[in-house]
Amino acid sequence: MSDTGVEPARPGEAEAVRLDATDPGHRHLFHLPPAGGGRYPEAAYLAGNSLGLQPRATRGELLADLDAWGRFGVEGHLEAARPWLPYHESLTAPAARLVGALPGETVVMNSLTVNLHLLMVSFYRPAGERTRIVIEDSAFPSDSYAVRSQARFHGLDPDRAVVRLTPRPGEDTLRTEDVTAFLAAEGHTVALVLLGGVNYLTGELMDIPAITAAGRTAGTVVGWDLAHAAGNVVLALHDWDVDFAAWCSYKYLNSGPGALAGVFVHERHHGDEGLPRFEGWWSTAATTRFEMAPVSRPPATVDAWQVSNPPIFAMGPVRTSLELFDSVGMPALRERSLRLTGYLERLLDEVCVRRPLTVITPREPRRRGSQLSVRFGAGSASELTKRLRHEHGVIADAREPDVVRFAPVPLYSTYHDCWRVADALAATVPEVAR
Ligand SMILES: Cc1ncc(COP(=O)(O)O)c(C=O)c1O
């Protein structure tokens with residue numbers, strides 16, 4: 001019996017129900033939206049790569065922080081059960097474990113694009129012939145706008161300063177060897193490589209260590225946008241010698257819409273007084289903060305990149321989520337992600353073969369996370385997504401013009417959710433002669 005309470009009846013459904021019984025995940029820890037259409041009470045939620053679901057624990061934890069404000073007023077900075085002054089420090093160690101960093105290398109603050117700008121203030125320093133920023137052509141638009149505006153900020157023409165790496169003709173994803181070959185040939189003109197760890201559109205997991213190593217050999221700084229990688233794949237940022245990275249917490253990290261974001265700066269950059277940085281009172285070492293001195297004395301940790309005092313009510317959901325990741329562990333989640341995603345891939349292959357649907361995500365499991373992207377060749381991806389939503393209770397998302405993204409998230413997605421995706425696609429997209 002599935003968690004939906006519906007008797008398995010249709011081809012393949014019994015298998016999905018059986019797999020859920022043997023590999024159940026942690027769905028009970030989350031709120032599921034109602035289906036609002038189709039045969040099942042709960043939505044099949046495959047959009048956790050866009051906005052993760054709400055952990056059941058979040059509400060109570062958030063209310064406890066809110067109550068502390070009511071009870072303590074300003075004294076909550078020190079007196080609250082989770083005092084506000086050092087609150088952000090409680091997120092540091094779990095965030096570091098999540099991305100494979102030392103505790104002093106991660107901090108939770110601001111939002112993703114803001115953090116990318118703050119990091120580029122330090123790490124994009126065009127000089128001489130080394131002026132270019134390398135991104136992927138299918139970078140999320142916010143990253144593209146950010147790097148173009150950084151180039152303009154330095155008085156450069158963004159059309160010349162920003163290099164957009166494209167896949168080979170007829171291919172959808174970048175090959176690592178093409179990226180590293182580019183860096184070997186032209187790296188001396190590159191000031192910064194800023195790529196998505198997992199591409200938002202195709203779901204491709206880049207070879208972060210290989211590209212980072214190639215960038216460093218070429219003498220360029222290498223930063224990563226890990227919006228779609230954090231909480232999705234196992235990362236080892238410190239050991240991979242990544243210069244910096246940033247990620248949001250509202251996708252796989254389930255910390256709520258617009259949630260606070262994470263930052264990594266490798267320890268070899270800490271305490272470097274030659275690095276420019278935008279500062280505020282949270283850039284100075286905590287021990288000096290209330291000396292009210294006119295000149296900051298930043299700590300030799302990533303905390304030096306903080307600017308303002310953190311929003312406590314926004315930190316609570318990130319803390320709750322990170323505790324969940326700590327208790328389950330990324331390696332176990334990745335294992336379940338491989339099983340779920342492989343299962344969805346098999347079902348999609350059966351459906352796609354007779355329909356104008358093509359999986360564009362890499363087929364090798366090591367080259368992808370939880371997301372499978374499907375190109376729809378016979379109409380609007382948005383219209384298809386709406387029909388899946390309203391006729392079948394399947395929540396996925398579209399990226400215009402023609403891509404639909406499905407993310408079976410190992411914390412809460414089920415095999416039955418995956419089965420519902422394939423079943424809904426089969427019912428919605430007519431077969432064609434191929
Ligand atoms: C890869 C990537 N980068 C950047 C962003 C923008 O994030 P924010 O609006 O939180 O700055 C997103 C948002 O989905 C994203 O997917």
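In listed order, ligands and their atoms are each counted from 1. Please read all numbers here as calculations on a predicted model, not as lab measurements.
- Taking 4.0 Å as the cut-off between side-chain N and carboxylate O, R375 and D172 count as a salt-bridged pair.
- Within ligand 1, the atoms closer than 4.0 Å to a non-hydrogen atom of T113 are 6 (C), 7 (O), 8 (P), 11 (O), numbered from 1 in the order shown.
- Aromatic ring orientation, Y343 versus Y415: perpendicular (interplanar angle above 60°, classes split at 30° and 60°).
- The N/O atoms of S111, backbone and side chain alike, include none that comes under 3.5 Å of an N/O atom in ligand 1.
- Among all non-hydrogen protein atoms, the one lying nearest atom 3 (N) of ligand 1 is D225 OD2, 2.7 Å.
- In summary, the aromatic rings of W69 and F313 are positioned with their centroids under 6.0 Å apart.
- Heavy atoms from other residues, nucleotides or ligands lying under 6.0 Å from CZ of R56 number more than 12.
- For atom 10 (O) of ligand 1, the nearest non-hydrogen atom from the set Y250, W247, Y145 belongs to Y250.
- For R297, the CZ atom counts as loosely surrounded, since its 6.0 Å shell holds 12 or fewer non-hydrogen atoms of other residues, nucleotides or ligands.
- At least one N or O atom of H228 sits closer than 3.5 Å to an N or O atom of ligand 1.
- Of all the heavy atoms of L112, the ones lying under 4.0 Å from any atom of ligand 1 are found in both the backbone and the side chain.
- Ion pair R319/E323 flagged as a salt bridge, since at least one NZ, NE, NH1 or NH2 atom sits closer than 4.0 Å to an Asp/Glu carboxylate oxygen.
- Taking only nitrogen or oxygen atoms, main chain and side chain alike, S142 does not reach within less than 3.5 Å of ligand 1.
- A salt bridge does not link R366 with D207: none of the charged nitrogens is closer than 4.0 Å to a carboxylate oxygen.
- Under 4.0 Å from ligand 1, the heavy atoms of D143 that appear belong solely to its side chain.
- Protein heavy atom in closest approach to atom 14 (O) of ligand 1: K251 NZ, 2.8 Å.
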